[in-house]
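Structure first, then comments.
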Amino acid sequence: MLSERSARSAPTSAARTLSQRPAHRWGKAGCVALFIVLALTAVQCARLGAAGLFVQLAQFEIDRWTDISRPPGMPEISRAANYFSDSLAYASDNPWALEGAGALDLARMRASRIPREALAITRDAHLRFRQALLQRPTSPFLWANLALTKLYLNEIDGELLAALRHADELGPWEPTVQQTTLFVGLAAWPELDPGLRQALARTIERGALRNPQKMVEIVTSYGRLDLVCAIEKYKFVAGPDCSKAAAAANSGESMKQGYRQ
């Protein structure tokens with residue numbers, strides 16, 4: 001038979017047990033939620049890992065092209081493009097896959113013989129570079145490539161000029177960025193404001209330190225050899241051509257004066 005003290009304490013003990021049950025249930029729910037979060041995190045990590053692996057496979061394929069003396073053919077481009085597509089299937093906003101796929105789009109555009117197809121491919125590249133910039137807005141390579149696609153689309157507008165400016169500010173010493181911004185900047189020269197023209201002149205001067213030959217080839221293709229002739233660092237590369245251009249200019253001026261007389 002229970003004592004009066006035990007009987008009095010029974011309701012209190014029962015109440016304490018009941019109050020502990022909801023806490024126990026909440027503990028189980030917390031463990032389940034934590035397990036779900038960890039599982040989702042593991043799945044996401046696996047997807048990102050697979051996406052990164054396919055980007056590396058694509059880059060290995062592209063690196064092989066540097067060992068051959070000819071430009072890559074469409075089968076080689078398509079093989080690398082498939083790797084980037086597989087990467088984007090696992091992570092649709094992977095900026096490295098988007099950048100690589102955009103660069104291959106430009107390669108496909110150059111290889112295409114059908115104007116309408118080339119235009120559509122260039123628009124795809126432009127879209128990929130814009131999407132990649134949402135994830136990597138400080139990449140000078142993406143800004144330079146965005147400006148290049150705008151040029152190929154014949155869209156010389158504010159977006160192109162802003163892309164040139166960002167590429168120059170973020171990657172002033174990157175040879176690839178220097179060459180791309182020079183190529184695009186000279187094509188859009190009439191639309192450049194004084195600030196961008198001065199920035200392009202500084203790019204030309206910096207370019208003499210890493211790959212002066214390529215910089216000279218670009219300015220020569222636009223008939224702007226004068227942009228390098230006054231820079232001492234280019235004399236060993238462009239000196240003879242600059243001398244010929246100066247002699248031709250002097251000869252032409254002499255002929256004009258003769259006509260006036």
Side-chain angles (χ1 to χ4, degrees), residues 37 39-63 77-110 112 117-185 187-188 191-193 195-196 199-200 203:
V37 170
L40 292 175
T41 301
V43 170
Q44 182 65 11
C45 289
R47 292 176 66 87
L48 293 176
L53 174 62
F54 282 116
V55 169
Q56 290 182 358
L57 291 173
Q59 191 58 53
F60 291 153
E61 181 68 29
I62 294 171
D63 289 342
I77 294 174
S78 297
R79 189 158 49 245
N82 288 337
Y83 284 132
F84 285 127
S85 296
D86 291 339
S87 175
L88 292 171
Y90 283 97
S92 59
D93 60 348
N94 185 333
W96 290 274
L98 288 168
E99 181 178 8
L104 289 183
D105 284 337
L106 292 180
R108 290 170 55 212
M109 178 273 294
R110 297 184 187 101
S112 176
E117 178 187 61
L119 179 63
I121 294 172
T122 307
R123 292 198 182 282
D124 288 341
H126 175 252
L127 179 60
R128 293 186 199 277
F129 292 138
R130 291 189 66 179
Q131 290 176 327
L133 279 166
L134 295 176
Q135 305 294 324
R136 296 177 60 205
T138 59
S139 169
F141 304 100
L142 285 172
W143 285 112
N145 280 328
L146 181 67
L148 185 61
T149 58
K150 293 289 289 184
L151 175 63
Y152 286 149
L153 292 171
N154 197 28
E155 297 176 357
I156 314 298
D157 55 16
E159 185 179 30
L160 182 148
L161 300 179
L164 278 180
R165 195 172 288 109
H166 289 314
D168 177 70
E169 292 171 351
L170 294 169
W173 294 101
E174 294 290 345
T176 304
V177 174
Q178 292 171 350
Q179 294 160 23
T180 303
T181 55
L182 178 60
F183 180 82
V184 176
E191 306 300 325
L192 302 188
D193 59 37
L196 269 176
L200 204 62
T203 295

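The shown structure was predicted, so the numbers you read here are calculated from the model rather than taken from an experiment.
Salt-bridge check for Arg108 with Asp105: passed, with a basic side-chain N closer than 4.0 Å to an acidic carboxylate O.
Minimum interatomic distance between Ala167 and Thr181 (heavy atoms only, all atoms of both residues): CB-CG2, 3.7 Å. Listed here is the closest heavy atom pair of Gln135 and Asp93: CG-O, 3.4 Å. Between Ala188 and Ile156, the closest heavy-atom pair is CB-CG2, 3.8 Å. Smallest separation of non-hydrogen atoms from Ala163 and Leu146: CB-CD2, 4.2 Å. Closest non-hydrogen pair, Leu133 versus Ser139, comes out as CD2-O, 4.4 Å. In plain terms, the two heavy atoms of Ser112 and Ala118 that are nearest each other are OG-N, 3.9 Å.
We find the CG-NZ distance between Leu148 and Lys150 to be 12.5 Å, quoted to the nearest 0.5 Å. Within the model, atoms CG of Leu98 and CG of Leu142 stand 9.0 Å from one another, a figure rounded to the nearest 0.5 Å. For the atom pair CG (Leu200) and OG1 (Thr203), the distance works out to 5.5 Å, reported to the nearest 0.5 Å. With rounding to the nearest 0.5 Å, the separation of CZ in Arg123 from CZ in Arg128 is 15.0 Å. In this structure, Asn154 CG and Thr122 OG1 are separated by 11.5 Å, a value rounded to the nearest 0.5 Å. If you take CZ on Arg136 and CG on Asn94, they are separated by 9.5 Å, rounding to the nearest 0.5 Å.
Note on residues 128-155: pairs passing ring-ring contact (aromatic ring centres under 6.0 Å, His included), not counting sequence neighbours, are Trp143-His166.
Heavy-atom contacts from other residues, nucleotides or ligands closer than 6.0 Å to CZ of Arg165 number more than 12.
No side-chain heavy atom of Glu159 sits less than 4.5 Å from a side-chain heavy atom of Thr149. Leu160 is listed as a side-chain neighbour of Val184, based on a closest heavy-atom distance under 4.5 Å.
For the pair Gln131 (side chain) and Pro95 (backbone), a donor-acceptor distance under 3.5 Å is absent.
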